[in-house]
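Inspection log for the structure reproduced underneath, given as C-alpha cells.
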Amino acid sequence: QEAEEAERKRKEEEAEKERQRQRAEEEERERARKEAEAKAAQQRAEEQRLAEEKLERERRAKEEARRQAEEAEKEGARRLDEERKKKVAEEEAKAKEEEAARKKAEEAEARRKQQESEEQRLAEEKMERERRQKQEAQRQAEEAEKEEAKR
C-alpha cells in the first residue's frame with residue numbers, strides 16, 4: 001500500500017510538473033503573441049505617422065506652389081498695369097506735343113495772315129495817297145490852265 005501511495009504521489013507530481021510545463025509554454029506563447037501584437041501596433045503607428053508627414057509635406061508643397069503662382073500672377077498683373085500706364089503717359093505726352101505743334105502752326109498762320117492784311121492795308125493806303133496826289137496835281141494843273149486862260 002505504501003508503494004502504491006508512493007507511486008500515486010509520484011504520478012501526481014509528474015502530472016503537476018506536466019501541467020506547470022504546459023502552463024509555462026502557454027504563458028510564453030501568450031507573451032510572444034502580445035509582443036508581436038505590440039510590435040505590429042508600433043509599426044502601424046509608425047507607418048501612419050510617416051503617411052501623415054508625407055501628406056503634410058505634399059499639402060505644404062501644393063500650398064507653396066499655389067502661393068508662388070498667385071505671386072507670379074500678381075507680378076504679371078502689376079507689370080501689365082505699369083506697361084499700360086507707361087503707354088498711356090507716352091500717348092498723352094505725344095498728344096500734348098502734337099497739340100503744341102498745332103497751336104504753334106496756327107499762331108504762325110495767324111501772324112502771316114495778319115502781316116499779309118497789314119501789307120495789303122498799307123498798299124491800299126499808299127495807292128489812295130498816290131490817287132489823291134494825282135487828283136490834286138491834276139486839279140492844280142487845271143486851275144493853272146484856267147488862270148493861264150484868264151490871262
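Since the model is a prediction, treat every value here as computed from it, not as a measurement.
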Tell me, yes or no, whether the heavy-atom count around [X] atom [atom1], taken from other residues, nucleotides or ligands under 6.0 Å, exceeds 12.
X    : atom1 : result
E4   : CD    : no
R132 : CZ    : no
E16  : CD    : yes

For side chain to side chain contact (heavy atoms under 4.5 Å, CB included), just list the numbers for Q120 and E116, CA-CA rounded to whole Å, side-chain angles, deciding distance to a tenth of an Å, and then say yes or no. CA-CA 6 Å; Q120 175 82 26; E116 226 174 59; over 6 Å; no

Inspect the contact between [Y] and [X] and indicate whether a charged nitrogen and a carboxylate oxygen are less than 4.0 angstrom apart.
X    : Y   : result
R78  : E82 : yes
E58  : K62 : no
R102 : E98 : no
E99  : K96 : no
E28  : R31 : yes
E25  : R21 : yes

Evaluation steps, side chain to side chain contact (heavy atoms under 4.5 Å, CB included), between K94 and E90: CA-CA 6 Å; K94 192 177 171 187; E90 285 171 1; over 6 Å; no

Name the one of E73, E71, R79 that satisfies side-chain contact (heavy atoms from CB on, under 4.5 Å) with E75? R79

Identify which one of K126, E130, E125, R131 satisfies the side-chain contact (heavy atoms from CB on, under 4.5 Å) criterion when paired with E128. R131

Apply the test salt bridge (charged side-chain N to carboxylate O under 4.0 Å, His left out) to residues R112 and E109: give CA-CA distance (whole Å), side-chain angles for both, the deciding distance (0.1 Å), then the verdict. CA-CA 5 Å; R112 190 189 61 73; E109 179 64 13; 2.6 Å; yes

Before giving the answer on salt bridge (charged side-chain N to carboxylate O under 4.0 Å, His left out), spell out for R33 and E37 the whole-Å C-alpha distance, their side-chain angles and the decisive distance to 0.1 Å. CA-CA 6 Å; R33 186 185 63 76; E37 269 182 16; 2.5 Å; yes

Between E136 and Q140, does a side chain to side chain donor-acceptor pair (under 3.5 Å) hold up when you go through it step by step? CA-CA 6 Å; E136 184 59 27; Q140 285 176 359; 3.2 Å; yes

Below 4.5 Å, heavy atoms only, C-beta onward: do [X] and [Y] meet side chain to side chain?
X   : Y   : result
E14 : K17 : no
L80 : R84 : no
E27 : E30 : no
R67 : E64 : yes

Are E5 and Q1 close enough, and set up right, to give a side chain to side chain donor-acceptor pair (under 3.5 Å), and what steps lead you there? CA-CA 6 Å; E5 186 66 22; Q1 203 171 351; over 6 Å; no

Walk me through it: do E118 and Q114 pass the test side chain to side chain donor-acceptor pair (under 3.5 Å)? CA-CA 6 Å; E118 181 67 14; Q114 193 176 0; over 6 Å; no

Please report the C-alpha distance between E70 and R66 in whole Å, then the side-chain angles of each, then the deciding distance to 0.1 Å, and finally whether the salt bridge (charged side-chain N to carboxylate O under 4.0 Å, His left out) criterion is met. CA-CA 6 Å; E70 278 180 8; R66 187 190 59 75; 2.3 Å; yes

The test is salt bridge (charged side-chain N to carboxylate O under 4.0 Å, His left out); show your working for E26 and R29 and say whether it passes. CA-CA 5 Å; E26 184 59 33; R29 277 197 299 274; 2.8 Å; yes

Taking atom [atom1] of [X] and atom [atom2] of [Y], what is their separation to the nearest 0.5 Å?
X   : Y   : atom1 : atom2 : answer
E56 : K54 : CD    : NZ    : 14.0 Å
D81 : K74 : CG    : NZ    : 14.5 Å
E18 : Q22 : CD    : CD    : 4.5 Å

